[in-house]
Trainee: 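Quick one: the structure is below, and I'll ask about it shortly.
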Amino acid sequence: MSSTTAGAAAPIDAARTPADRRHINRLGLLVALGGITMLFAAFTSAYIVRSGGGDWAALELPPVLWMSTALIVGSSLTLELARRAFQRGSLPSFRSWSAATAALGTGFLASQYAAWLSLNEAGIYLQSHPKSSFFFVLTGVHAVHLLAGVVALLALFGLAAAGRLVPGRSDAPTLTAIYWHFVGGLWIYLLAVLSLLG
Amino acid sequence: MEHEKQGFVSRYIFSFDHKMIGKQYFTLAMSMGFIGGILAVLIRLQLGFPSQPWPFLENLFPVGMASGIMTPEFYVSLFTMHGTIMVFFLLSLLPVSGFGNFLIPLQIGARDMAFPFLNMLSFWTVVPGAIIIIISFFVEGGAAASGWTAYPPLSGIRSAIPGSGLGQTLWLVGMIFFVASFTMGGLNFVVTILNLRTKGLRMMRMPLTTWAQFVVGILGLLSFPALAAGALLLTFDRSLGTSFFLPAGIFIGDTLMPHEGGTPLLWQHLFWFLGHPEVYIIMLPAMGFTSDILATFCRRPIFGYRSMVYAIMAIGTLSFLVWGHHMFVSGMSPFLGSLFVVTTLAIAIPSAVKAFNWLFTIARARIQFTSASLFGLGVVSLFVTGGLTGIFLGTNAVDIQLHDTYFVVGHFHFIMAGAGLFGAFGAVYYWYPKMFGRMLSERLGKIHFWITFVAYYAVFFPMHYLGVSGMMRRIYDPNVYEFLQPLQPVNLFITISAFVLFAGQLVFIYNYFVSMRRGAPATANPWNAAGLEWSAPAHPGHGNWEGEIPPAHRWPYDYSEPGKKRDFTPQWEA
């Protein structure tokens, strides 16, 4: 598989078997999720410290966030269906469920944007008070992570179109699903922080 | 080798080979270190000869050295950027990103890192960060000037001082690039070490260098996101009018800032939650190099291998629980402060375990005095010196007196900067044959060591005395205070020693680059070392081993076993 004389610029795969590679990729993803978790842990601790300040004010969360929540939970379900379809080897079913996931994910982003607009209409902006600042920062950083998930889904489409997604061999759908479920769970966590703490 | 097939770009620039990526990091880190060294020389120029004109410097820095005299604003930028460049772009990049990438696959018997593409991406993410940091010297207002710790409000209000403007913005952007790159690297380290060890290489058979890099990877992944979060919030405060860190009632000139209710201390918590693990991100690899080097040149198994591994883990864990010791004077509750004293002093235990294990490894050994082993012994010396002053500073009652004085500057230049740097130098002398297939000049190496060692003590030891005498850490001109004027001869002595220290590094740079072409050709195992990396050819190609990857039959420290003909048994021999 690999030797010292490989003159081409292609990377040498240090994994000895495809199963090795799969394990490595999954572990790499989990470790990356650990890093993202620490990012949001840092935000949370900043949130808790800052909420002790005298100028902390409550913020009524826009109701459209419930729609966001429904969309992101729904998107995790459709992606799970897509992943299982892929494992069964049913590519057409995989394609339609993952298309539904991308649509729901984009819908989530739109719904979050609507939440921002509805706050703005109520005269609440990023710099209005500390809780609004945190609201925009946390939802914004989370949206960037979800956007990365949408990009991963699009990449999956590209791979599928190029015939490079092979059921039983390709692990990319599972990796994308793990990431997607994580970002969904992260949203539930952030919603809990924003509505229960301070 | 069929290197002809491979174009210049794919081989030297966008390479996937962990060894080439490691060398790219070397080049970047050494260039940044050289710049950081020049900044140090300029800092010492001001402290040794306060406000004396140096007309030729005006050509280089027309604003900061107008008519050749250093302005206070420029001085503040200098020490800010000296710290930033040295801590992140030299002392993190060289031992961790450089040696980590170069050594981990060789030491664990892997063809490459787990994610070669991510590895390349990580290097090409830190390059723009480094360029942005350097460019910031030449923008309006000059480089960032709020210290390497970037405490708000100074770093949070763009109009506070000249360096708080575009310079500070670029600092934050550069750091975000650095954090992104470093966390990608850490991920690669952890996954590679967990998954790609060759047959027979149990975790408890890994060299201590790899153990250190493993823990460093975890530390980086867990601590750097806190800095990313802080940097993002600070950017919002600076540019979008939020008040995460900025309190009410700040006047800049006659203008009242609109911020309200923010807590500057919050930044300190976020910063030091990264900042203290970062100290060990720098220190642990140096400890690992030292263990490997001392074992080889003492021809002795490393003393207390298991306790060394546990000490690395203990230091890594404790490093997350001590950040408050940087904040004793911030007005924190004395009770909380006492807790941080306890966790801080607890680090003395695993640290002492390491120091004593090194001493037991050295004791009554017939040491081969090579450049590498001299630098390894240098690490032990600096580590003990800096560790002892750490006990002073870790105790809040004493720290409140010594905080923000030159005592602190002396302390961390010994323990973190010095031990980290000496460890990296030792590692270069030791592994250079594997990097370039040639030997460094031992004669120049020893000259380099003795200049560096003596000059290092001459520069930083007297700083403890300055600090106890009350000289402030970031003072531009100590002579403005009458009580500091008698210290001027000490400052002059330090400055001259600093010039010598800098000049000594030129010997190293010359040796490093000239030996690449003219050094004596190296054999595969020039030191008769037992570690797995020495089973690879003298100048390994992409993929590291020509045939099968050798299995590990033992740990890498089998030296001078009684009853054996050879005084070492390589790890790859049954």
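Quick caveat, the model's predicted, so the values are computed rather than measured. Computed over heavy atoms, backbone and side chain alike; hydrogens, waters and symmetry mates excluded. Below, read A as the first sequence line, B as the second, and so on, with proteins coming before strands; counting in each chain starts at 1.
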Trainee: Out of curiosity, A/Asp13 CG to B/Phe115 CZ, how far, rounded to the nearest 0.5 Å?
Mentor: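 Rounded to the nearest 0.5 Å, the CG-CZ separation comes to 10.0 Å.
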Trainee: Rounded to the nearest 0.5 Å, what separation is found between the CE atom of A/Met38 and the CG atom of B/Leu274?
Mentor: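 Between A/Met38 CE and B/Leu274 CG, I get 10.5 Å after rounding to 0.5 Å.
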Trainee: Go through A/Ala41, A/Ala46, A/Gly54 and name the one with the most non-hydrogen pairs under 4.5 angstrom from chain B.
Mentor: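 Option with the top pair count is A/Ala46.
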Trainee: Looking at B/Gly262, B/Pro116, B/Ala228, B/Ala110, which has the largest count of heavy-atom pairs under 4.5 Å with chain A?
Mentor: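 Between B/Gly262, B/Pro116, B/Ala228, B/Ala110, the count favours B/Gly262.
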Trainee: State whether the number of non-hydrogen atoms from other residues, nucleotides or ligands found under 6.0 Å of A/Trp97 atom CH2 is greater than 12.
Mentor: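 No, not enclosed.
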Trainee: Identify which of A/Phe134, A/Phe40, A/Tyr125 forms the greatest number of heavy-atom pairs closer than 4.5 Å to chain B.
Mentor: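 It is A/Phe134.
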Trainee: Aromatic contact between B/Phe236 and A/Phe136, with the criterion being ring centroids under 6.0 Å apart: yes or no?
Mentor: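 They do not qualify: ring centres at least 6.0 Å apart.
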Trainee: What is the distance from atom CG of B/Leu222 to atom OG1 of A/Thr37, rounded to the nearest 0.5 Å?
Mentor: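 B/Leu222 CG to A/Thr37 OG1: 9.5 Å, rounded to 0.5 Å.
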Trainee: If I compare all heavy atoms of A/Ala14 with all of B/Leu196, which pair ends up nearest, and what's the gap?
Mentor: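 Nearest heavy atoms, A/Ala14 then B/Leu196: O-CD2, 3.5 Å.
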Trainee: Looking at every heavy atom in both A/Gly28 and B/Leu187, which two are closest together, and how far apart are they?
Mentor: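 Nearest heavy atoms, A/Gly28 then B/Leu187: O-CD1, 3.6 Å.
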Trainee: So, taking the atom named NE2 in B/His259 and the one named CD in A/Gln127, what distance separates them when rounded to the nearest 0.5 Å?
Mentor: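 Spacing of NE2 (B/His259) from CD (A/Gln127) equals 10.5 Å.
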Trainee: Using a 6.0 Å cut-off, check whether atom CZ of A/Phe157 has over 12 heavy atoms from anything other than its own residue.
Mentor: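 It does: A/Phe157 CZ has more than 12 such atoms within range.
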Trainee: May I ask you to check whether over 12 heavy atoms, not counting those of A/Trp66, lie within 6.0 Å of atom CH2?
Mentor: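 No.
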Trainee: Is there side-chain contact between B/Asn195 and A/Asp20, with heavy atoms separated by less than 4.5 Å?
Mentor: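 Side-chain contact under 4.5 Å: no.
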Trainee: With chain A as the partner, which of B/Leu265, B/Val190, B/Leu233, B/Ile549 has the greatest number of non-hydrogen pairs under 4.5 Å?
Mentor: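 Top count of heavy-atom pairs under 4.5 Å with chain A: B/Leu233.
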Trainee: Can you tell which part of A/Val31 gets under 4.5 Å to a heavy atom of chain B, answering side chain, backbone, both or neither?
Mentor: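 Contact with chain B: backbone and side chain both.
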Trainee: Relative to chain A, which of B/Arg197, B/His269, B/Met113 shows the most heavy atom pairs under 4.5 Å?
Mentor: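 Highest number of pairs under 4.5 Å: B/Arg197.
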Trainee: Taking all heavy atoms of A/Gly35 and all of B/Pro225, pick out the closest pair and write down the distance.
Mentor: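 Between these two residues, the closest heavy atoms are O-CG, 3.5 Å.
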Trainee: Which heavy-atom pair separates B/Ala226 from A/Ala42 by the least distance, and what is that distance?
Mentor: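 Heavy-atom minimum between the residues: CA-CB, 3.7 Å.
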Trainee: Given heavy-atom pairs under 4.5 angstrom as the criterion, report whether the side chain, backbone, both or neither of B/Leu194 touches chain A.
Mentor: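 B/Leu194 touches chain A through side-chain heavy atoms alone.
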Trainee: Answer whether the closest heavy-atom distance between the side chains of B/His542 and A/Ile12 falls below 4.5 Å.
Mentor: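 Sidechains of A/Ile12 and B/His542: in contact.
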Trainee: Could you tell me whether the side chain of A/Arg50 and the main chain of B/Ser243 form a donor-acceptor pair under 3.5 Å?
Mentor: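 Answer holds: yes.
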Trainee: Just so I know, are the side chains of A/Pro130 and B/Phe244 near enough to count as touching, which here means a heavy-atom distance under 4.5 Å?
Mentor: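 No. Closest side-chain heavy atoms not under 4.5 Å.
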Trainee: Of the non-hydrogen atoms in A/Ile24 and B/Ala114, which two are nearest, and what is the gap between them?
Mentor: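 So the minimum-distance heavy-atom pair works out to CG2-CB, 3.7 Å.
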Trainee: Looking only at non-hydrogen atoms, find the nearest pair between B/Leu232 and A/Val137 and report the distance.
Mentor: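 Distance-wise, the nearest heavy atoms are CD2-CG1, 4.2 Å.
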Trainee: Would you say A/Ser45 and B/Leu266 make side-chain contact, with heavy atoms under 4.5 Å?
Mentor: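 Not in contact.
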